[in-house]
There are 2 protein chains.
Amino acid sequence: MEKRNRTKYTVLGMLAIAPFTGYEIKKMIQTSTNHFWSESEGQIYPALIQCVQECLATCKEELMKDTRRVKKIYSITAQGKKVLNTWLKKEAQPTLIRNEFLLKLFFGKNATDNDNIHHLRHYQKSLEKEILTYEEIRKKLTTAHKNSPHLKYWLIALDYGFKVAKAELLWCKESLKLFN
Amino acid sequence: MEKRNRTKYTVLGMLAIAPFTGYEIKKMIQTSTNHFWSESEGQIYPALIQCVQECLATCKEELMKDTRRVKKIYSITAQGKKVLNTWLKKEAQPTLIRNEFLLKLFFGKNATDNDNIHHLRHYQKSLEKEILTYEEIRKKLTTAHKNSPHLKYWLIALDYGFKVAKAELLWCKESLKLFN
DNA sequence: GATCCCATGTAATCGGTTACATGATTCC
DNA sequence: GGAATCATGTAACCGATTACATGGGATC
């Protein structure tokens, strides 16, 4: 069985955009891919070290003049780009979702409908927030990265989240009607 | 930090419908909750044993007359129902998704558009299959469990998958247009 | 003075998948 | 004879989260 250390590719993909520190990569993931892909610090920093060991990235320590602190800025190598590209070509693994909220609804007969309604309303609220976030991110991206060749792909991925959340929201509202 | 051994609750939820063997629970998960919740044998069997140890379920070995083989049929206890109900009342943990396909699209600038189109088409096909599966399951459920008090909740959860897949499909088609 | 943000990491733990093992039955 | 399904489990491994540790700077 083939291993799938996806964190490595996530990190390489980010470094293919521009050189970054581990902290910056973490922030980027949180604000741009979080709705379909997340990583924690406990994975990102080791993955960066691993990339350097495998010559997929280089690390340059830089002294910040203003703060007198050292940042580790990672850059992708030609070898790293090759590895990333090879991975990108391969068929994606099927998505495994674990939606605890839906599981609880599925077992809803064992709860009270008050509980079920409460869960639905809560989910609905989080969806409404999510949709607003997508709209904000879209605005920010289209202005801040107007000429970036990556923008097209980022917007497609963003739109996925947006459209799915909209569909979920509609489903939520219709499901709530069934409890009246 | 609170632990979340969700397999235990999944198993209890299934046993709250009717007594089952581990194998049957596995099958049920595969055919009914798989689009939002999956479990593997390696989790189900230990979880069943754990439930018996914690007095949340009982196990009855039954000899099948025809096959002369022993089945372990598990039933939920009153205590088990209580534990399940308590869990059902609690707020659900937010869903963490890891969609490798979207991650690859997000990094699409580093691949060729041929690769991106190929991934999109592949995803589209799997969505179309998925949608057909939902329609089949709906038919089976509504006839086989016509009078079950669980049916309402099952259909709500099923409809979630159906509506989300439909939205994903639309997004797929629109995204493909961007590559022409 | 406290809190938040920048910044980098490690260690413990656990959740979950995969692979392996076994064996009987049924269907082709 | 071989493949698929029923049926139950174990062990190894690893992927991932969480918590912990550290410390400077900025902001309120």
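Chain letters run A, B, ... following the sequence lines, proteins first and then strands; every chain starts at 1. Not measured: the values here are computed from a predicted model.
- In summary, the side chains of B:H122 and A:E91 do present a donor paired with an acceptor at a separation below 3.5 Å, with no hydrogens or angles considered.
- A:Y74 comes within 4.0 angstrom of the backbone, heavy atoms only, and of no base.
- The nucleotide whose nearest atom lies closest to any side-chain atom of B:Y23 is, among D:dC6, C:dT8, D:dA16, D:dC6.
- Using a 4.0 Å heavy-atom cutoff across all strands shown, A:K26 reaches no nucleic acid atom at all.
- Taking the six-membered ring where the residue is Trp, A:W87 and A:Y9 present parallel rings, their angle staying beneath 30° rather than reaching 60°.
- From A:L56, atom CG reaches atom CG of A:L15 across 10.0 Å, with rounding to the nearest 0.5 Å.
- Contact annotation: B:Q43 side-chain N/O to C:dG15 OP1/OP2 distance is not under 4.0 Å.
- Considering only side-chain N and O atoms, B:K71 lies under 4.0 angstrom from the phosphate OP1 or OP2 of D:dA7.
- In this structure, B:F20 atom CZ and D:dA7 atom P are separated by 12 Å, rounded to whole Å.
- In this structure, A:K27 reaches the sugar-phosphate backbone alone: every heavy-atom distance under 4.0 Å involves primed, P, OP1 or OP2 atoms, never a base.
- A side chain to side chain donor-acceptor pair (under 3.5 Å) with A:E100 is found for exactly one of B:Q93, B:K90, B:R6, namely B:R6.
- Residue B:N5 contributes atom CG, which lies 13 Å from atom C1' of C:dT13 at whole-angstrom precision.
- The side chain of A:S40 contributes no N or O atom lying less than 4.0 Å from OP1 or OP2 of D:dA16.
- Residue contacts for B:G42: at a heavy-atom cut-off of 4.0 Å it reaches a base atom on one of the strands shown.
- One atom, CD1 of B:I97, and another, P of D:dG15, lie 21 Å apart when rounded to the nearest Å.
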Next on the checklist: Pair B:R98, A:R98 - check side chain to side chain contact (heavy atoms under 4.5 Å, CB included), show working.
Outcome noted: CA-CA 10 Å; B:R98 303 198 110 208; A:R98 301 198 114 208; over 6 Å; no
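- The CD1 atom of B:I29 sits 13 Å away from the C1' atom of C:dG16 (whole-angstrom rounding).
- Distance CD (A:Q93) to C1' (C:dT18): 12 Å, rounded to an integer number of Å.
- A:Q43 and A:S40 share a donor-acceptor pair across their side chains, judged by distance under 3.5 Å alone.
- Helix-axis bend for the helix from C:dG1-D:dC28 to C:dC28-D:dG1: the local axis fitted to the five terminal pairs at one end deviates from that at the other end by 40°, rounded to 10°.
- Between C:dC6 and A:T21, no contact under 4.0 Å exists linking OP1 or OP2 to a side-chain N or O.
- OP1 or OP2 of D:dG15 has not a single side-chain nitrogen or oxygen of A:T7 nearer than 4.0 Å.
- Rounded to a whole Å, the CD1 atom of B:I49 is 17 Å from the P atom of D:dA7.
- Legend: residues meeting side chain to side chain donor-acceptor pair (under 3.5 Å) with B:E128, ordered by chain and number and at least two apart, are B:Q124.
- Protein atom CG of B:N34 is 10 Å distant from nucleotide atom P of C:dT17, rounded to whole Å.
- In this structure, the CD atom of A:E39 is 7 Å from the P atom of D:dT17, given to the nearest Å.
- Considering only the side chain of B:Y45, D:dG9 comes nearest among C:dT17, D:dG9, C:dT10.
- Regarding contacts with the backbone of C:dG15, every side-chain N or O of A:R98 stays at 4.0 angstrom or more from both OP1 and OP2.
- In this structure, B:E41 reaches the bases: a heavy-atom distance under 4.0 Å links it to at least one base atom across the strands shown.
- The backbone N or O of A:R138 lies less than 3.5 Å from no partner atom in the side chain of A:W154, so there is not a single donor-acceptor pair.
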